[in-house]
Amino acid sequence: MNLSNTPLPRPGIMDIVPYAGGESKIPGVSRIIKLASNEGALGCSPRARDAMIHAAGDVYRYPDGACVELREAIGQQYGIDPARIVCGAGSDELIGMLIHSYAGPGDTLVQSRYGFLMYSIYGKSAGVETLFAPETNLTADVDALLATVKDTTRLVFLANPNNPTGTILPPSEVQRLREGLRDDIILALDSAYCEFVQSNSFDGGIGLVNSHPNTVMLRTFSKIHGMGGIRLGWAYGPAHIVDVLNRVRGPFNVSALAQVAGVAAIKDTEFQDSVRAHNRLWREWTREKMEALGLVVTPSEGNFLLATFPSEGPRTAERADAFLRSRGLICRRVAGYGLPDSLRVSIGTGEEMELFVQTLTEFMEEGGGS
Ligand SMILES: *Cc1c(COP(=O)(O)O)cnc(C)c1O
């Protein structure tokens, strides 16, 4: 092959290690319990499902490119201006659009050490270097984030609560972060799990978007709404950033089924309440059981738990994962995040969590038979 005839991608693209989603199959195991992708235990809102079925006959038509009804429903739900909302094919798409619109080669973005991986992946695809700020107790550290910012920094990303740790910064700390950043830096608050936070005063960042310049909040329908398969998220920000995102997004980036499902789901607060209650109950039950087994469990405000295993001996995270898999239970290894001794487990149904704890107990008490 003559290499000079081979088209080359832009610098940085070949450095990307593709994001690996949670697996859903194990060869030779028929009953699989997937607790690897924070998908939720209760499916999606029955109203959202009915809305999709009802709309199925119309999918030969293009969707409303502006997502008018959906943005109005979201605006009404949260008391915010629909004109300052942009919808996307998952909040992942919006993360990518923000980075590609505001940063390029020579620029940097800042995130915390164990923050969500997609920021640095999209950064690489845009030729943007990611600077990682150290954390304290697996929690983002505002002083460290501020100290990591350089003249080249265009965006700071904070997942709050964070995935994969589940830890959270209180609104006062997020505000201190914003106030310590230059005004021209975009602070992107990724609030994918904010609906799970118990405190009523936690607004996912809406107040900060309203009160401070260049702050954007990102939300998803993949977590509390249980619609990861539909690909739907939204951003709320200042008019000038919304204008930019509307210029770069695909003209029909949100499917018709996603739009009708989103309208129904956002209004179904009863379903959201039931998901929140289920999550709290089983997250705390699971946490207590895991701690009783001697594991270190990071306090979580999300729909998952991060458990840390001994780094040596018969009860490592890697062995635990292999044992759980042999019984059909798929958790998430987080070595790619620099946490080789931890496993992340999503909160599933009560039955799934009981089976998970029972299997983990067997592993911890018998060392997985090894
Ligand atoms: C799940 C998740 C998202 C978004 O997912 P989409 O399915 O693309 O909406 C964004 N940020 C974090 C931290 C997540 O865990």
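Positions are given from 1, in the same order as the sequence printed here. All ligand and atom numbering here is 1-based and tracks the order in the structure.
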Could you tell me the residue and atom name of the protein heavy atom closest to [atom], and the distance to it rounded to 0.1 Å?
atom                    : result
atom 8 (O) of ligand 1  : R231 NH2, 2.7 Å
atom 11 (N) of ligand 1 : D190 OD2, 2.6 Å
atom 4 (C) of ligand 1  : S91 OG, 3.0 Å
atom 7 (O) of ligand 1  : S222 OG, 2.6 Å

Any Lys/Arg nitrogen of R176 or E179 sitting under 4.0 Å from an Asp/Glu carboxylate oxygen of the other?
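Looking at R176 and E179, the cut-off is not met.
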
Can you tell whether the side chains of K124 and E129 come within less than 4.0 Å, N to carboxylate O?
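So K124 does not pair with E129 through a salt bridge.
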
Which of the atoms in ligand 1, numbered in the order shown and given with their element, are less than 4.0 Å from a heavy-atom of [X]?
X    : value
K223 : 1 (C), 2 (C), 3 (C), 14 (C), 15 (O)
N163 : 13 (C), 14 (C), 15 (O)
D92  : 8 (O)
T220 : 5 (O), 6 (P), 7 (O), 9 (O)
G90  : 6 (P), 8 (O), 9 (O)

Please say yes or no: joined through hydrophobic side-chain contacts below 4.5 Å, possibly via intermediate residues, are L155 and V242 part of one cluster?
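Yes, because L155 and V242 connect within a single hydrophobic cluster, where side-chain heavy atoms sit under 4.5 Å apart.
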
Pairing donors with acceptors under 3.5 angstrom, does anything connect the side chains of N214 and H240?
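Judged by distance alone, the side chains do pair up.
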
Can a donor-acceptor pair be found between the side chains of N38 and S346 at a distance below 3.5 Å?
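Yes, a side-chain donor-acceptor pair sits under 3.5 Å.
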
Under 3.5 Å donor-acceptor pairs involving side-chain atoms of residues 53-65, not counting sequence neighbours:
residue: D64; atom: OD1; partner: A66; partner atom: N; Å: 2.9
residue: D64; atom: OD2; partner: C67; partner atom: N; Å: 3.3
residue: D64; atom: OD2; partner: V68; partner atom: N; Å: 2.7

Below 4.0 Å from any atom of ligand 1, is there a heavy atom belonging to Y193?
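Contact check Y193 vs ligand 1: positive.
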
With N163, which residues qualify under side chain to side chain donor-acceptor pair (under 3.5 Å), at least two apart?
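For N163 the side chain to side chain donor-acceptor pair (under 3.5 Å) partners, ignoring immediate neighbours, are Y193, R344.
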
